Number of protein chains: 2
Amino acid sequence: MNKELHELIKGPAVAVDTVVMAINKDELKTLLIKIGSGPYKDKWAVPGGLIQLNEIPEKAAIRVLKNKTNIQRGHLEQLYTFGDPDRDVRGNIISIAHLLLIPDLEKYILKTVDFYTDIGWFSVNKLPVTAFDHNKIINLAHKRLKDKMTYSTIASSLLPKYFTFTELQRVYEIVWRRRIDKRNFRKRMTDVDIIIPVNKFKKGSFRPAQLYKFKENRLVYF
Amino acid sequence: MNKELHELIKGPAVAVDTVVMAINKDELKTLLIKIGSGPYKDKWAVPGGLIQLNEIPEKAAIRVLKNKTNIQRGHLEQLYTFGDPDRDVRGNIISIAHLLLIPDLEKYILKTVDFYTDIGWFSVNKLPVTAFDHNKIINLAHKRLKDKMTYSTIASSLLPKYFTFTELQRVYEIVWRRRIDKRNFRKRMTDVDIIIPVNKFKKGSFRPAQLYKFKENRLVYF
DNA sequence: GCAAAAGTGTTGACAATACACCCATGC
DNA sequence: GCATGGGTGTATTGTCAACACTTTTGC
C-alpha cells in the first residue's frame, strides 16, 4: 500500500475478502491461500483484494476470486465490513467480507497467482494460523450460514441440482455440527415446501433413493 | 469528489451513513438533513460523511453525526455496506450504513452545518423524498430493528433507564406495527428474564405503574 | 439371507395465542 | 363515583423433539 496516496484523499482503501465454503467428505471446508512474502509471509488468508474504481463490491469479489483461486461462481452474499485500521499492518484497508457457497469443491481446479505459495481447502473446525482477522471472518461466515439455514433455502447452494433427502440432511448436520432426527427433518422440509421429487433415483447397493430438487433456484425465506 | 485522486489509488472513497431512530409520539422516527446545494439540492438525506484515514467506521459515524446533527451517543451497529458506483452521481462512494438508537429525541437540540438547510425528525411511515438510496437504507434499518427485537434486548436502547411495562410494550407495537396482547407480552418478557422491577412507580391520574429497568446495559440475546 | 441405506407416524412437552375482568389512583 | 391506565390466569392450538421398525436393493 502506498500511504502517501491515501493521505491525499484522506481515506482508507477498500478491499473485498471472500470466505468460500463447500461441503466435502462430511466436513464444511473453506478455501485459503498462503501468503508468499511480506509481514504475513507463510500465513494462510481468505482470498481477497482491492476493489477498483467504479466496481460493484460483488463484482470485485468475483474478479479477485477468479484471479486468485480460479473459482468464478456460486452463491455470494455480503457478510460484514471490517474497518479497524490496525487489522493490516501495511496500511488502512477496509474490507467488505463476503460469503460464497459452492456445491462441489472437487469440480474445481484450484490455481493461484505468484504472490501466493499455496492454496487449499481446510475444515472450518481445523483452521491453520491465519493472517489479519481472518479467523474471525471465517467464524462469522459459518455463523451466518448456520443461522440462515434455519429459515431459508441457502443450503441449496451447497448441493448439486439433484440430491437425496439424506444428502440434504447431511448438509444441515455438518453445518450445524449436530445429529438431526431423520423423521423430524423430513417432516419439517416437507412442511416448508421447498423441495420437490424428480423422476430419478440414486442407486447403490441398497434401496434406491428418491432424488429431489429445490422448487426455485433463488434464495427463498420460509 | 476529486476524481483524479481516486484514479491514483484506483479505488472508491468510503463514507458512513447513520440512520438515527427513536420513538416519539407513538411513532418510529428517523433523523434527516436537507441538502443545500449540488445535484441533490433540497432532497432529504440520512446524515453521513467521508471516513478519514485510520478512523474506525464506528468512530467516523459518531464524529459525522455530532458534526451534522449534534447527536453524539446511542446504540450503534453496522447495517450493510452499499457499494453501487451509481448510487451517488458525484463519484464512486462506498457507504457503510449504520443504525443508531436513542431513547428520547426531545432531549436533543438539533444543529446542523452550513451545507444543509434543514434538519428534522420524520416518521418512518411517512418519509419525504430522499437523496441517493437512502429510502432503502432506512427500510433496512427498520427491518433490522424489527427482527432483532424478537430475540434481543435492543429495545432497551429506545427507552429511558426506567420505564413501565406498557411503555416497553408500546415500543414493540410501534416498531412491529401491530397490537400485542398485554398478558401474553408480560408473560413472554417475564419468561425471558431481561427486566427487573425497581422500587419506583410512575404516577398519574390513574393507578401507579411499576417501573422496571433492563437487567444489563449491554445487548443481550435470548 | 444379510448388509446398507431408505422410508414412514405417534406421542408428549413446551411455546404462542386468544380472551375478560378487577384494581388503584386522581379528580 | 367515574375515568384512566395497571395488573392478572386459563384454555386452546401449534410447533418441536423424542422415539423404532419395515422396505428395497445389491451382492
Side-chain angles (χ1 to χ4, degrees), chain A residues 23 25-26 146-153 155 159-160 162-214 221-222, chain B residues 23-26 146-153 155 159-160 162-214 220-222:
Chain A
I23 302 273
K25 300 201 197 305
D26 275 354
K146 262 194 246 182
D147 290 350
K148 216 155 175 174
M149 274 172 55
T150 57
Y151 58 86
S152 82
T153 56
L159 283 162
Y162 304 118
F163 50 87
T164 67
F165 236 124
T166 303
E167 286 164 354
L168 177 61
Q169 182 174 336
R170 283 304 291 149
V171 172
Y172 276 83
E173 291 182 328
I174 292 162
V175 175
W176 284 352
R177 301 192 62 181
R178 62 182 178 86
R179 290 272 153 198
I180 303 168
D181 178 84
K182 200 191 338 184
R183 282 163 295 186
N184 293 336
F185 182 77
R186 285 174 188 234
K187 184 152 12 102
R188 167 100 175 119
M189 287 294 141
T190 305
D191 286 351
V192 297
D193 196 32
I194 51 172
I195 61 172
I196 47 176
V198 295
N199 195 18
K200 293 171 195 276
F201 289 84
K202 183 186 178 185
K203 302 211 175 178
S205 59
F206 46 78
R207 175 172 173 179
Q210 174 71 54
L211 284 167
Y212 293 83
K213 65 171 182 176
F214 279 86
Y221 297 87
F222 48 83
Chain B
I23 302 273
N24 180 252
K25 300 201 196 306
D26 276 352
K146 263 193 243 181
D147 291 349
K148 218 156 174 174
M149 275 172 55
T150 58
Y151 58 86
S152 82
T153 56
L159 284 162
Y162 303 119
F163 50 86
T164 66
F165 235 124
T166 302
E167 286 163 354
L168 177 62
Q169 182 173 336
R170 284 302 294 146
V171 171
Y172 276 83
E173 291 183 328
I174 292 162
V175 174
W176 283 352
R177 300 192 63 180
R178 63 180 179 88
R179 291 271 153 199
I180 304 167
D181 178 84
K182 202 192 336 186
R183 283 162 296 187
N184 293 337
F185 181 76
R186 285 174 187 232
K187 184 152 11 105
R188 167 100 174 116
M189 287 296 143
T190 305
D191 285 350
V192 296
D193 196 30
I194 51 173
I195 59 172
I196 47 175
V198 295
N199 195 18
K200 294 171 196 275
F201 289 83
K202 183 186 179 185
K203 302 210 175 181
S205 59
F206 45 80
R207 174 174 172 178
Q210 175 69 55
L211 285 166
Y212 293 83
K213 65 171 183 177
F214 279 86
V220 172
Y221 298 88
F222 47 84

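Chain A is the first sequence line, chain B the second, and so forth, proteins listed ahead of strands; every chain is numbered from 1. All values reported here derive from a predicted model rather than from experimental measurement.
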How does each nucleotide of nucleotides 19-27 of chain D score, in 5' to 3' order, for protein heavy atoms under 4.0 Å: base (B), sugar-phosphate only (S), or none (-)?
BB--BBBS-
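Rounding to the nearest 0.5 Å gives a distance of 3.5 Å between CE of Met189(B) and OH of Tyr172(B).
Using a 4.0 Å cut-off on heavy atoms, the residues of residues 185-201 of chain B that approach DNA chain D are Arg186(B), Lys187(B), listed by number. If you check residues 170-178 of chain A against DNA chain C, you find no residue with a heavy atom closer than 4.0 Å.
Residues satisfying the side-chain contact (heavy atoms from CB on, under 4.5 Å) criterion with Gln210(B), sequence neighbours excluded, are Pro197(B), Phe201(B), Tyr212(B). Applying the salt bridge (charged side-chain N to carboxylate O under 4.0 Å, His left out) criterion to Lys213(B), with sequence neighbours excluded, gives no partner residue. Scored by the side chain to side chain donor-acceptor pair (under 3.5 Å) test, Arg170(B) finds Asp26(B), Glu173(B) as partners (sequence neighbours excluded).
Between Phe185(A) and Leu168(A), some side-chain heavy-atom pair lies under the 4.5 Å cut-off. Residues Ile23(B) and Val175(B) are in side-chain contact: their nearest non-hydrogen atoms beyond the backbone lie under 4.5 Å apart.
Look at NZ on Lys202(B): it is 15 Å from C1' on dG26(C), rounded to the nearest Å. Summarising the geometry, the separation between CZ on Arg179(A) and P on dA17(D) is reported as 16 Å, rounded to the nearest angstrom. Distance CD (Gln210(B)) to P (dT25(C)): 13 Å, rounded to an integer number of Å. Atom CZ in Phe165(B) sits roughly 21 Å away from atom P in dC23(C) (whole-Å rounding). Note: CD (Glu167(B)) to P (dG5(D)) measures 12 Å, nearest angstrom.
Nearest heavy-atom pair across Met149(B) and Val171(B) is CE-O, 3.9 Å. Asn184(A) and Asp181(A) get closest at one heavy-atom pair: N-OD2, 2.9 Å. Residues Phe163(A) and Ile195(A) approach most closely at CZ-CG2, 3.9 Å, considering heavy atoms.
Within a 6.0 Å radius of NZ in Lys146(B), other residues, nucleotides and ligands contribute more than 12 heavy atoms. Residue Lys202(B) places its NZ atom among 12 or fewer non-hydrogen atoms of other residues, nucleotides or ligands, all under 6.0 Å distant.
Distances shown here put every side-chain N or O of Thr166(A) at or beyond 4.0 Å from the OP1 or OP2 atom of dA5(C).
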